[in-house]
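Reckoned from all heavy atoms, side chains included, excluding hydrogens, waters and symmetry mates.
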Amino acid sequence: MYRLLINRTLVTNQVLRKTSDEVAGSVKKNTKITSKGQQKYTETVLLPRTEFPVQLNGKARIEADKRLTEKCGFSELYEWQKKNLSGPDFVLHDGPPYANGIPHMGHVINKILKDVTLRHKIINGNRIHYVPGWDCHGLPIELKAIKGYESENDPLEIRKKARNYAEEAIARQKQAFQSWGVTANWSESECYFTSHSSYMKNELHQFIKLYEKDIIFRDFMPVYWSPSSRTALAESELEYNQQHQSKAVTVRLRINDIPERLKSFKNHAVYALIWTTTSWSLVANQAISFSSDATYCLAEDDKKDLYIVAKELLGTTESKIGPLKPIVSFEGKELEGSTYFHPFTEQKCPLLAASHVTTNEGTGLVHTAPAHGPEDFLVALKNKIPILSMVDSKGLYTEEAGPEFYGLEVLTEGVDKVMNLLARDILHVETLTHSYPYDWRTKQPVLIRASHQWFININTIREKIIENFANVNVYPKCNRTSFMNALLAGIRNRPYWCISRQRSWGTPIPVIYSKTTGLAFTNKELVERLCDSIDRYGPDCWWEYSVRDLIGLDIIKKLNIDPNDIVKGNDIMDIWFDSGISWSMVLPDKKANLYLEGYDQFNGWFQSSLITSVALQGCPPYSDLFVHGFAVDEKGLKMSKSIGNVINPEEILLGGSNLKKNPAYGVDVLRWWVANHSSQHTQVPVSKNLLDECKTSINKLRLILRFLLGTLHHHPGINCKPEYRIIDKYMLYLLYSYNKQMQQHYNNYEYHHAGKTTMHFITNDVSGLYCTIIKDRLYCDEVTSSMRTAAVQVIKEILNVLIRSIAPILPHLAEEAWLYHPENITSIPLHCTQYKISESWNDSKIAQYIDAAIRLRNNVLKVADKTTWKLYGVIEATKDDFVLLSLLHDQQKPSMSELCEILQLSSVTLIENHTINETQIQLYDIQEKLCERCRRYPESQEDDLCPRCVNVLTKNKPLIAAV
């Protein structure tokens with residue numbers, strides 16, 4: 001089989017060129033008028049006839065897409081399959097796109113890949129479950145909604161404007177998704193929105209379940225904080241700026257109580273050397289951390305000042321502050337109990353052992369500000385040190401920082417002020433270019449700041465998450481290991497997930513607080529009562545009504561709180577919790593067969609869904625993950641408005657203002673590009689060259705579909721039993737193999753392979769081989785002959801399989817071709833029809849009969865420099881080949897044998913030769929006059945016609961005239 005395909009590829013270009021001309025109708029067999037004799041037989045030849053267009057360009061392409069969408073039931077498909085197909089459902093959970101901005105190429109990739117997946121299931125008779133959704137909350141929407149408005153502190157006004165903004169974005173996106181042919185019920189009642197009351201109520205219920213399991217808790221801990229957004233952020237909401245610059249300083253802090261080993265130096269000034277990239281946090285310094293296992297030394301500089309530094313880092317420290325002479329070495333544990341003076345307040349602070357301290361960089365002594373570092377925080381907890389936070393939500397120093405710092409922006413003015421006040425003790429300053437976290441929305445640097453937040457405790461469920469995820473199938477298979485590691489890295493390195501945000505546009509965290517003590521109170525009853533209030537008052541009620549109105553006095557009393565000492569919480573839920581809990585709202589059995597999103601969702605929706613699902617129901621919410629890439633330009637650059645390389649998908653569909661420069665490619669080209677380029681790489685290039693290549697592929701498909709449809713036009717519907725030749729059976733075997741291969745590609749989400757397999761099949765097997773071979777039968781045989789009927793039946797099967805195999809990727813083209821099918825008189829949409837391939841086609845032995853003939857055919861096409869029908873061949877065959885070729889060659893009717901048909905020769909003489917090792921063929925020009933009708937038989941008779949043509953014309957004149 002493989003060898004045959006390779007052999008046919010060698011001659012594809014020559015053969016396809018001929019076939020394409022005929023399919024397009026530009027050059028038709030037997031219609032070129034070279035004599036009066038040929039002219040009079042032109043109308044007797046059964047040439048393909050169809051109105052199916054070769055190409056659709058410009059306005060015609062746009063109108064055709066719209067017409068097909070309306071005529072072929074695209075909008076009714078989802079409900080039709082629910083009623084007419086059998087289960088169990090294949091469940092694809094729609095990761096909600098953000099309700100922000102216009103549709104872009106990322107949307108194109110995601111939604112079309114989902115649709116290809118769903119249509120493959122439908123075309124195979126499987127019912128699907130797919131509910132489109134939108135992620136409606138979040139800071140980007142809130143910021144855009146309140147831009148230019150003074151009332152940005154009024155939560156009700158913010159929510160109103162944000163809701164309107166989201167609804168407008170959803171309307172734009174929904175219209176675009178439908179124009180791409182995405183299958184769904186797009187009515188609002190059948191979609192899900194994270195801002196709707198029903199969704200918010202479910203989210204509140206899941207929150208309280210996690211709270212009751214002690215997985216959700218509240219604490220005062222350092223978290224990533226965005227001063228520009230004024231809210232806490234999760235790791236997934238950060239992006240790292242590799243070119244960020246910080247002023248790193250080496251600072252000395254004077255020791256008060258020195259280690260016993262150094263008592264002889266108690267009358268000298270001894271300093272601890274620290275190195276930090278966040279000098280602004282020195283204001284909040286509460287300790288110096290050291291490593292018990294490291295070796296430290298007391299070293300003297302040129303000025304006789306004494307410094308404690310890690311022995312291993314003495315050299316690097318000297319390179320910054322000058323020569324240091326080591327005097328005494330000692331173990332780190334000897335620093336236990338020592339104290340130093342705070343750099344600004346002169347308060348005594350402790351030196352504390354900590355496991356995170358290393359001797360890889362710095363000085364081996366680490367400045368510790370528990371409010372501004374996770375490791376620092378743990379050190380403080382271990383040593384029962386109260387946490388001092390001196391930075392507010394805007395990133396400014398609070399009054400507790402002292403009058404010198406109060407009100408200064410810590411990341412800018414604060415750095416300068418610290419360096420100015422500590423100038424005497426700062427021994428070295430360097431500008432460090434390094435990776436630093438930024439707010440992914442505002443593109444501004446963040447800081448770590450301790451505050452009261454709500455967390456999911458990953459530590460309690462980590463091992464269960466990792467264990468369960470091992471059973472998830474990740475596609476593409478080639479990236480399975482790296483993709484799994486990417487997701488699990490976020491689980492392994494994440495002790496907590498901060499799920500609270502300090503904004504207004506979101507789902508409220510259902511908690512009330514004591515004004516006096518600050519203690520938080522919530523329970524299931526409170527949440528149930530709040531959900532009733534949401535039904536009664538709407539999704540904004542938390543900000544509009546009092547606690548008594550929302551919860552009721554009876555619930556408040558059950559919580560043992562003074563009704564006059566309560567206040568509602570102002571926090572909302574992280575939008576990743578919003579969308580991460582969607583499986584509990586949308587999926588019928590709380591689990592999907594497939595989640596399909598971009599690779600950035602390893603730190604986003606894939607992870608948040610996995611965490612919440614394992615925490616609540618003990619298993620992942622998905623069986624399979626299919627991960628796709630992101631659109632980039634032809635240079636591999638991420639699309640950006642500032643760069644000017646953004647491509648609008650609507651322009652691909654409808655064309656730009658200059659149609660020559662930016663033509664209307666239509667939905668077929670857009671979907672073909674997605675299927676062939678976005679399912680295997682993390683970067684998906686978009687360029688005019690690629691789109692032009694996709695258009696060329698579509699046109700090749702249209703050509704072969706036009707030929708196949710045109711061939712069926714002449715089928716008169718007379719009940720004639722087909723007489724299948726070996727080449728017909730071979731084509732059916734190839735068709736069976738093609739379909740099986742396509743099913744495997746679709747099932748493995750290898751849509752790029754599906755596209756390549758389709759093009760190879762139509763180019764080589766269908767056009768280059770079979771259609772070329774049977775043209776003489778189709779055009780010149782009697783219209784009801786058994787052998788012509790067999791060829792027509794095979795053509796019909798090719799058309800059935802081919803249309804259905806491309807329908808998931810190209811539903812518009814498939815439905816268009818089906819509308820032109822001669823037997824589709826009532827214009828039934830393709831998806832309403834059923835079709836099953838016969839297992840009898842799967843006869844691999846048939847290939848051996850064709851093998852020898854195909855090799856000879858390739859040799860003929862290589863050496864022939866003229867139309868092969870004007871040649872006859874003499875074949876000297878080996879013993880084995882002679883047996884096989886004899887099955888294809890009728891010695892009684894040599895010129896009409898199947899071997900002649902395959903070789904495209906007018907006559908063949910087959911001879912067995914025991915002395916040769918390889919079968920050979922010699923070609924000779926035909927000396928006698930050719931048949932003026934079919935131009936292949938060397939023995940002409942009446943009116944220069946061969947016996948077959950005479951028989952066709954005399955026997956079927958009325959029928960031929962009719963067709």
Could you tell me whether [X] and [Y] have a side-chain N and a carboxylate O separated by less than 4.0 Å?
| X | Y | value |
| --- | --- | --- |
| Lys796 | Glu823 | yes |
| Arg725 | Glu901 | yes |
| Arg777 | Asp728 | yes |
| Asp115 | Lys111 | no |
| Glu816 | Arg702 | yes |
| Arg948 | Asp781 | yes |

Least distance between heavy atoms, [X] atom then [Y] atom:
| X | Y | result |
| --- | --- | --- |
| Trp841 | Leu732 | CB-O, 3.6 Å |
| Val182 | Trp186 | O-NE1, 3.2 Å |
| Ile806 | Tyr746 | CA-OH, 4.3 Å |
| Ser679 | Leu113 | CB-CD2, 4.4 Å |
| Ile704 | Ser767 | CD1-CB, 3.9 Å |
| Val684 | His681 | CG2-O, 4.0 Å |

Among side-chain atoms of [X] and [Y], is any donor-acceptor pair under 3.5 angstrom?
| X | Y | result |
| --- | --- | --- |
| Tyr835 | Glu797 | yes |
| Ser786 | Glu723 | yes |
| Thr758 | Tyr738 | yes |
| Asn748 | His753 | no |

Nearest 0.5 Å please: distance from the [atom1] atom of [X] over to the [atom2] atom of [Y].
| X | Y | atom1 | atom2 | result |
| --- | --- | --- | --- | --- |
| Leu691 | Lys688 | CG | NZ | 8.5 Å |
| Leu118 | Lys114 | CG | NZ | 9.5 Å |
| Leu899 | Leu905 | CG | CG | 8.0 Å |
| Trp672 | Ser697 | CH2 | OG | 6.0 Å |
| Cys694 | Leu670 | SG | CG | 9.0 Å |
| Ile112 | Thr117 | CD1 | OG1 | 11.5 Å |

Would you say that [X] contacts [Y] through its side chain, given a criterion of any heavy-atom pair below 4.5 Å between the two side chains?
| X | Y | answer |
| --- | --- | --- |
| Trp180 | Val108 | yes |
| Leu830 | Ile123 | yes |
| Val54 | Leu703 | yes |
| Gln904 | Arg857 | yes |
| Leu701 | Ile762 | yes |
| Cys900 | Ser906 | no |
| Cys780 | Leu46 | no |
| Tyr78 | Ile128 | yes |

Within the distance-only criterion (no hydrogens, no angle test), does the side chain of [X] pair as donor or acceptor with the backbone N or O of [Y] below 3.5 angstrom?
| X | Y | answer |
| --- | --- | --- |
| Thr711 | Pro48 | no |
| Gln680 | His752 | no |
| Asn110 | Leu596 | yes |
| Tyr736 | Ser840 | no |
| Arg933 | Thr44 | yes |
| Arg49 | His713 | no |
| Arg671 | Ile809 | yes |
| Asn126 | Ile122 | no |
| Ser687 | Leu690 | yes |
| Gln55 | Asn699 | no |

### Task
For side-chain contact (heavy atoms from CB on, under 4.5 Å), just list the numbers for Leu68 and Leu819, CA-CA rounded to whole Å, side-chain angles, deciding distance to a tenth of an Å, and then say yes or no.
CA-CA 9 Å; Leu68 289 166; Leu819 286 176; 3.8 Å; yes

### Message
Counting neighbours of CD on Glu650 that are heavy atoms of other residues, nucleotides or ligands and sit closer than 6.0 Å, is the number greater than 12?
### Response
no

### Query
More than 12 heavy atoms of other residues, nucleotides or ligands under 6.0 Å from NZ of Lys174: is that the case?
yes

### Message
As a test of understanding, state which of Thr833, Asn124, Asn739 forms a side chain to side chain donor-acceptor pair (under 3.5 Å) with Arg804.
### Response
Thr833

### Pair Phe177 and His107, ring centroids less than 6.0 Å apart
yes

### Task
Answer yes if the ring centres of His812 and Phe74 are under 6.0 angstrom apart, and no otherwise.
yes

### Query
Given Val766 and Leu802, is the side-chain contact (heavy atoms from CB on, under 4.5 Å) satisfied, shown in steps?
CA-CA 10 Å; Val766 179; Leu802 180 59; 5.8 Å; no

### Query
Lys695 and Asn57: side chain to side chain donor-acceptor pair (under 3.5 Å), yes or no, with the steps?
CA-CA 10 Å; Lys695 182 178 180 181; Asn57 296 311; 3.0 Å; yes

### Query
Name the one of Gln81, Glu76, Glu815 that satisfies side-chain contact (heavy atoms from CB on, under 4.5 Å) with His831?
Glu815

#### Entry: Worked verdict on Tyr724 versus Val794 for side-chain contact (heavy atoms from CB on, under 4.5 Å)
CA-CA 9 Å; Tyr724 291 99; Val794 173; 3.9 Å; yes

### Task
Begin from the C-alpha positions of His120 and Asn747 and carry the test side chain to side chain donor-acceptor pair (under 3.5 Å) through to its verdict.
CA-CA 9 Å; His120 163 63; Asn747 289 333; 3.1 Å; yes

### Task
Under the side-chain contact (heavy atoms from CB on, under 4.5 Å) rule, what do Val686 and Glu634 come out as? Steps first, then yes or no, please.
CA-CA 6 Å; Val686 190; Glu634 55 190 344; over 6 Å; no

